[in-house]
Amino acid sequence: MKTALIELLAKHLAPDLTSDEISNLLEIPPDETLADYALPCFTLAKKLRKSPAIIAADLASKIADDPIIAEAKAVSGYLNVFLDRSWLSARVLDLALAPQFGAGGAHETTVVEFCSPNTNKPLHLGHLRNIAIGESVSRILSFNGNKVYKTCIFNDRGVHICKSMLAYRDFGGGTLPGDSGTKPDHFVGDYYVLFAKKAKEDPTYEDQAQQMLEQWEVGDAEVVALWRTMNGWAFEGFRETFDLFGTSFDREYYESQIYKKGREIILDGLAQGLFQKKEDGPVVVDLADIGLDEKVLLRSNGTSVYIVQDIYLAHLKAKEFNYDRSIYVVGNEQEYHFKVLKAILDLLDTECTGGRVHHLSHGMIELPEGKMKSREGTVVDADDFIWETAALAAEEVNKRWQLSEAEVKERSLKIALAAIKYQLLKTETGKNMVFNPKEALRFEGDTGPYVLYSYARASSILRKSDVPLDANPWEVSEFEVRLLKKIYLFTDIVKLAGARLTPSTLSNYLFDLCRNFNEFYHECPVLRSEVAGQRLALVTAFRNVCGQCLELLGIEKIEEM
RNA sequence: GCGCCCGUAGCUCAGUUGGAUAGAGUGUUUGACUACGAAUCAAAAGGCCGCAGGUUCGAAUCCUGCCGGGCGCACCA
């Protein structure tokens with residue numbers, strides 16, 4: 001639709017503006033009564049040495065007679081265009097009723113790493129934001145035509161892991177997660193908390209954890225066996241949460257398997273003179289010329305620091321996926337780390353140079369009463385939160401319907417997950433957000449359930465009619481035009497969300513779309529209308545796009561609320 | 001000390017590469033179910049876009065300074 005208008009304008013503006021330039025310039029005005037599309041003529045004014053008003057008026061008269069134009073006029077430097085309603089409605093329905101409406105033809109290979117938890121405690125709300133973003137970004141990129149691989153690195157070793165191991169060994173008394181019915185990752189986490197408590201009483205406890213790490217590193221059989229057992233519990237619990245929240249990975253990496261690797265890359269770089277060996281032993285990289293500090297890579301004792309395994313992992317991913325781009329969904333507290341990583345990869349100038357590496361930095365979650373702090377017990381646990389939300393959703397479902405227990409459980413869980421995911425994705429990725437758990441349990445206004453409800457309403461109408469869809473022009477009301485235009489906008493929005501890696505672009509659009517649908521629904525009878533076929537086609541088009549957006553946000557659709 | 005990010009309605013947030021009169025949701029007040037689903041719709045009220053300069057046809061958006069908040073800057077991970 002927009003394309004046809006751009007072509008028409010390009011015919012009259014060549015060679016001063018190309019189609020691409022027109023496309024960039026063309027905007028949707030803030031007030032729909034002004035125009036469907038507007039072309040600001042201010043930049044053209046310089047080029048043509050005519051006033052914007054004259055250029056706009058000139059263009060208006062040139063295109064006014066075209067069959068796709070209902071009205072074209074010049075208003076204070078803008079060319080304002082209304083499209084022909086018959087043409088517009090037929091065009092949008094034709095496009096939006098086709099499968100894969102809005103899908104793109106990009107063809108990059110992209111690796112998206114997200115979640116990446118430590119195995120000493122269960123997932124919390126921060127992980128859920130990370131996962132929701134990673135999952136949605138992956139789906140959006142994939143929809144835009146890219147080949148996407150989702151990966152996760154499990155930080156399954158280190159002194160923090162030994163802390164929960166130590167506390168379990170000393171105070172666990174051989175109990176198993178099954179004994180108390182505790183979810184296994186929570187079971188492990190409980191001993192991490194217990195460690196912190198015991199370390200306060202016993203100042204040597206921190207040292208003991210450090211000693212245990214050393215035993216682990218030399219392969220002490222007992223310690224390694226305990227590590228395997230407890231990591232097994234953690235993974236078992238994680239899998240359950242991943243299933244519950246609806247995510248999965250194409251490739252999983254484990255820190256314990258790669259933490260020693262990458263040394264060769266560093267020694268290689270040292271030989272090439274990219275890095276320096278200091279007199280007192282450590283190998284460092286000097287990043288002063290790009291405004292970063294000196295960074296130690298190999299310690300005096302020859303062992304590598306954490307970033308070396310990230311360097312190795314970047315190479316490993318390049319080898320396994322031959323990626324064009326490697327995205328890391330990680331909190332903004334690690335921005336410096338990724339600057340350093342990219343700089344080092346650039347220095348090494350291998351197939352995974354820093355230019356291909358992108359840190360998709362997301363903001364932190366704060367609660368209304370402040371930051372989440374594990375020490376103060378204010379961390380919102382992922383599983384608990386999902387189930388609590390589901391319980392509240394179940395109350396709402398029970399208010400409205402008489403359903404079996406199983407049906408209530410299934411439906412309320414889907415509604416709860418929609419509420420949570422939508423809430424987590426509606427704020428722009430990079431920004432910190434205040435997350436009020438009570439807000440996520442709200443089912444009205446700008447929420448996941450509002451969107452699900454809109455979708456279910458559309459489904460409900462379609463279930464009730466067997467009138468064939470009809471995309472022939474009809475006398476469209478303002479509500480229908482608004483909805484049609486919004487449906488069409490999806491093609492721009494999904495590209496923009498992919499380019500900016502911001503699911504929030506999509507969720508904000510989705511809310512607007514549903515609002516337009518509900519207004520239409522309220523004002524325009526469908527089934528008992530003389531243009532039932534056309535309105536059913538419009539409802540179908542809405543349902544397609546709404547469903548696609550939900551899919552791209554990682555939210556499961558439901559046909560009935 | 002050095003660096004990065006954020007400040008928009010009481011609260012939570014949108015606002016595309018600078019574009020027309022700055023928008024939603026929520027909360028408050030009020031109206032609409034004999035209706036294709038009221039988890040909906042409609043209306044009112046609510047703003048020195050942190051402050052002060054600058055850039056230009058035009059600034060919430062770009063630049064500088066200041067104020068307020070967050071986060072980094074380990075031979076930790």
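Everything numeric in this text was worked out from a predicted model, so none of it was measured.
- A gap of 45 Å separates the C1' atoms of B:C41 and B:C4, to the nearest Å.
- Distances shown here put every side-chain N or O of A:Arg442 at or beyond 4.0 Å from the OP1 or OP2 atom of B:G25.
- Residue A:Lys339 places no side-chain N or O under 4.0 Å from the OP1 or OP2 atom of B:G3.
- An OP1 or OP2 oxygen of B:C13 is reached within less than 4.0 angstrom by no side-chain nitrogen or oxygen of A:Tyr422.
- Not a single donor-acceptor contact under 3.5 angstrom links the side-chain atoms of A:Asn518 to the base of B:A38.
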Extract from the structure each pairing of a protein N or O with an N or O of nucleotides 14-17 of chain B at less than 3.5 Å, listing the distance.
residue, atom, partner, partner atom, Å
B:A14, OP1, A:Glu428, N, 2.6
B:A14, OP2, A:Lys431, NZ, 3.2
B:G15, OP1, A:Arg500, NH2, 3.4
B:U17, O4, A:Asn24, O, 3.2

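- When base pairs are accepted only as Watson-Crick or G-U wobble with both N-N or N-O distances under 3.5 Å, RNA chain B takes part in stems of 3 or more pairs at B:1-7 with B:67-73, B:10-13 with B:23-26, B:28-32 with B:40-44, B:50-54 with B:62-66.
- The side chain of A:Arg457 places an N or O atom within less than 4.0 Å of a non-bridging phosphate oxygen (OP1 or OP2) of B:A38.
- Of the candidates B:A20, B:C36, B:U40, B:C36 carries the atom nearest the A:Pro525 side chain, counting heavy atoms from C-beta on.
- Looking at the side chain of A:Ala456, the nearest of the listed nucleotides B:C36, B:A39, B:G37 is B:G37.
- The nucleotide whose nearest atom lies closest to any side-chain atom of A:Val434 is, among B:C13, B:C41, B:A24, B:C13.
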Exercise. Where along nucleotides 70-77 of chain B does protein come under 4.0 Å, by heavy atom, of base (B) or sugar-phosphate alone (S), with - for untouched nucleotides?
Worked result: SSSS-BSB

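- Taking the P atoms as reference points, B:U16 lies 29 Å from B:G68, given to the whole Å.
- Residue A:Met433 has its side chain nearest to B:C13 when only B:C13, B:C41, B:A20 are considered.
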